[in-house]
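Worksheet: the structure to be examined is printed underneath.
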Amino acid sequence: MEIPREPHFFKLLLPGFQSGVAIPLDFYTKHIQGAEINKPWKLRSDASDQIWEVIREGRTLTKGWKEFTEAHDLRIGDIVIFKHEGDMVFHVTPFGPSCCEIQYTHPHIVKEDADGDDAPTFSYDYCFLAEVTPTNQKDDKMFLPVEAMRCGALNQQCKEVKLVNKEGKSWTARFGFSESDGAYYISRGWRKFCRDNRCTNGDLFVFNVVGDGTTTPLLCVCPERKECTELLIKHFSRIDGSIASTSRN
């Protein structure tokens, strides 16, 4: 596989994001590991001519990151894309929860549509495991677990969702509720998401659901959250237990 000239990664900003942001393991292993540990990252954006220096501690950006987030008025639910331009210089592009690039007013860095009193409260209370199967690809329909009914980011009035992959690219899909199954489902977009991400049957995604219950929710591929990791461990433990049980019979 050809390595991109400007490799990049994205981060969804979750509660507590100002204290530090973790670099995805895959990106770190391929592009960062072995770099001079004391060399700060230099972050720049289209919103200002200023360059922010941020200290990296292991896989986490720490000192200087909070100042960058405050200068750019970043909030929970925003998505930030880091593009490596070389020599630990990163161009950072922030996107709002709508998956649209945030527009800033010069010379001050302020969101054009930002009003602190009207900022929505986003829910991060649910993540789930989705498996690519022959049936859900053929039917272009993937059901969420019944437990998703308790997620504050979702409601039966939602007509669409955005599926966001690890690179920050999004796909719009239809979202509905099946009275007979008592569960939410994704359709008319699920198959394209699988095809464009070169999925094969049996592939697993951990989706973190983000939304405020009124705007279009995001289903973000988010394998690094602790809860999502635990979900995967439980899933594979069940599989291993099933195999072990079968072999004893």
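Just the heavy atoms: all of them, side chains too, but no hydrogens, waters or symmetry mates, feed the values below.
- Looking at Trp65, its side chain never comes within 3.5 Å of a backbone N or O of Ile55 through a donor-acceptor pair.
- The two residues Met142 and Ala130 come nearest to each other via the heavy atoms CE-CB, 3.9 Å.
- In this structure, Asp181 places its CG atom where more than 12 heavy-atom neighbours from other residues, nucleotides or ligands lie under 6.0 Å away.
- A donor-acceptor pair shorter than 3.5 Å can be found between the side chains of Lys162 and Thr172.
- Between Val54 and Phe90, every side-chain heavy-atom pair lies at or beyond the 4.5 Å cut-off.
- Between Val164 and Val221 the shortest side-chain heavy-atom distance does not fall below 4.5 Å.
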Requested in this report: May I have the step-by-step check of side-chain contact (heavy atoms from CB on, under 4.5 Å) for Ile23 and Trp41, ending in yes or no?
Outcome: CA-CA 12 Å; Ile23 305 164; Trp41 282 28; 3.4 Å; yes
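- For the 3.5 Å distance criterion, the side chains of Asp26 and Thr29 fail to qualify, holding no donor opposite an acceptor.
- Phe175 has its side chain within reach of Leu154: a pair of non-hydrogen atoms, C-beta onward, lies under 4.5 Å apart.
- Taking 4.0 Å as the cut-off between side-chain N and carboxylate O, Lys63 and Glu57 do not count as a salt-bridged pair.
- Test Met88, Glu67, Lys42 against Glu53 for side-chain contact (heavy atoms from CB on, under 4.5 Å) and you get one pass: Lys42.
- The backbone N or O of Asp46 lies less than 3.5 Å from no partner atom in the side chain of Arg44, so there is not a single donor-acceptor pair.
- In summary, the aromatic rings of Phe10 and Phe82 are positioned with their centroids too far apart to meet the 6.0 Å limit.
- Between Phe143 and Ser178 the shortest side-chain heavy-atom distance falls below 4.5 Å.
- Although no hydrogens or angles enter the test, the distance criterion places a donor-acceptor pair under 3.5 Å between the side chain of Ser45 and the main chain of Ala47.
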Report task. Begin with the C-alpha distance, continue with both residues' side-chain angles, and end with the deciding distance and a verdict on side-chain contact (heavy atoms from CB on, under 4.5 Å) for Asn208 and Leu14. Result -> CA-CA 11 Å; Asn208 185 37; Leu14 301 173; 3.8 Å; yes
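- Residues Val161 and Leu163 have side chains in contact (heavy-atom distance under 4.5 Å, counting atoms from C-beta outward).
- Across all non-hydrogen atoms, the minimal contact from Lys159 to Gln156 is NZ-O, 4.4 Å.
- The side-chain heavy atoms of Phe95 and Val80, taken from C-beta on, include no pair separated by under 4.5 Å.
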Report task. Walk me through it: do Trp52 and Gln50 pass the test side-chain contact (heavy atoms from CB on, under 4.5 Å)? Result -> CA-CA 7 Å; Trp52 285 262; Gln50 182 176 344; 3.4 Å; yes
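- Between the side chain of Arg174 and the main chain of Ser187, no donor-acceptor pair closer than 3.5 Å is present.
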Report task. Report the C-alpha distance between Phe9 and Ile81 in whole Å, list the side-chain angles of each, state the deciding distance to 0.1 Å, and finish with yes or no for side-chain contact (heavy atoms from CB on, under 4.5 Å). Result -> CA-CA 6 Å; Phe9 67 92; Ile81 296 178; over 6 Å; no
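- Contact between Phe128 and Leu219 at its shortest, heavy atoms only, is CZ-CD2, 3.8 Å.
- Remark: Asp140 does not engage Lys138 in a salt bridge, criterion side-chain N to carboxylate O under 4.0 Å.
- The structure places CG of Leu61 at 11.0 Å from CZ of Arg59, a figure rounded to the nearest 0.5 Å.
- His91 places none of its side-chain heavy atoms less than 4.5 Å from the side chain of Leu43.
- Note: Asp203 CG to Arg198 CZ = 13.0 Å, rounded to the nearest 0.5 Å.
- In this structure the side chain of Leu13 never reaches within 4.5 angstrom of the side chain of Ile79, judged on heavy atoms.
- Shown here for Met149 and Phe177, the closest heavy-atom pair between the two residues is SD-CE1, 3.3 Å.
- Checked by atom type and distance alone, the side chain of Asn155 pairs as donor or acceptor with a backbone atom of Gln157 at under 3.5 Å.
- Counting only N and O atoms by type, the side chains of Asp78 and His72 include no donor and acceptor under 3.5 Å apart.
- Minimum interatomic distance between Ile76 and Phe17 (heavy atoms only, all atoms of both residues): N-CE2, 3.7 Å.
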Requested in this report: Decide ring-ring contact (aromatic ring centres under 6.0 Å, His included) for Phe193 and Phe205; before the verdict, give the C-alpha distance in whole Å, the side-chain angles of both, and the deciding distance to 0.1 Å.
Outcome: CA-CA 12 Å; Phe193 173 83; Phe205 288 101; 5.3 Å; yes
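- Under a 3.5 Å cut-off, the side chain of Lys11 and the backbone N or O of Ala22 do form a donor-acceptor pair.
- Under the 4.5 Å side-chain heavy-atom criterion for ILVMFWY residues, no single connected hydrophobic cluster contains both Tyr185 and Trp171.
- The shortest non-hydrogen separation linking Asn201 to Gln137 is OD1-NE2, 3.0 Å.
- Looking at Asn197, its side chain never comes within 3.5 Å of a backbone N or O of Cys194 through a donor-acceptor pair.
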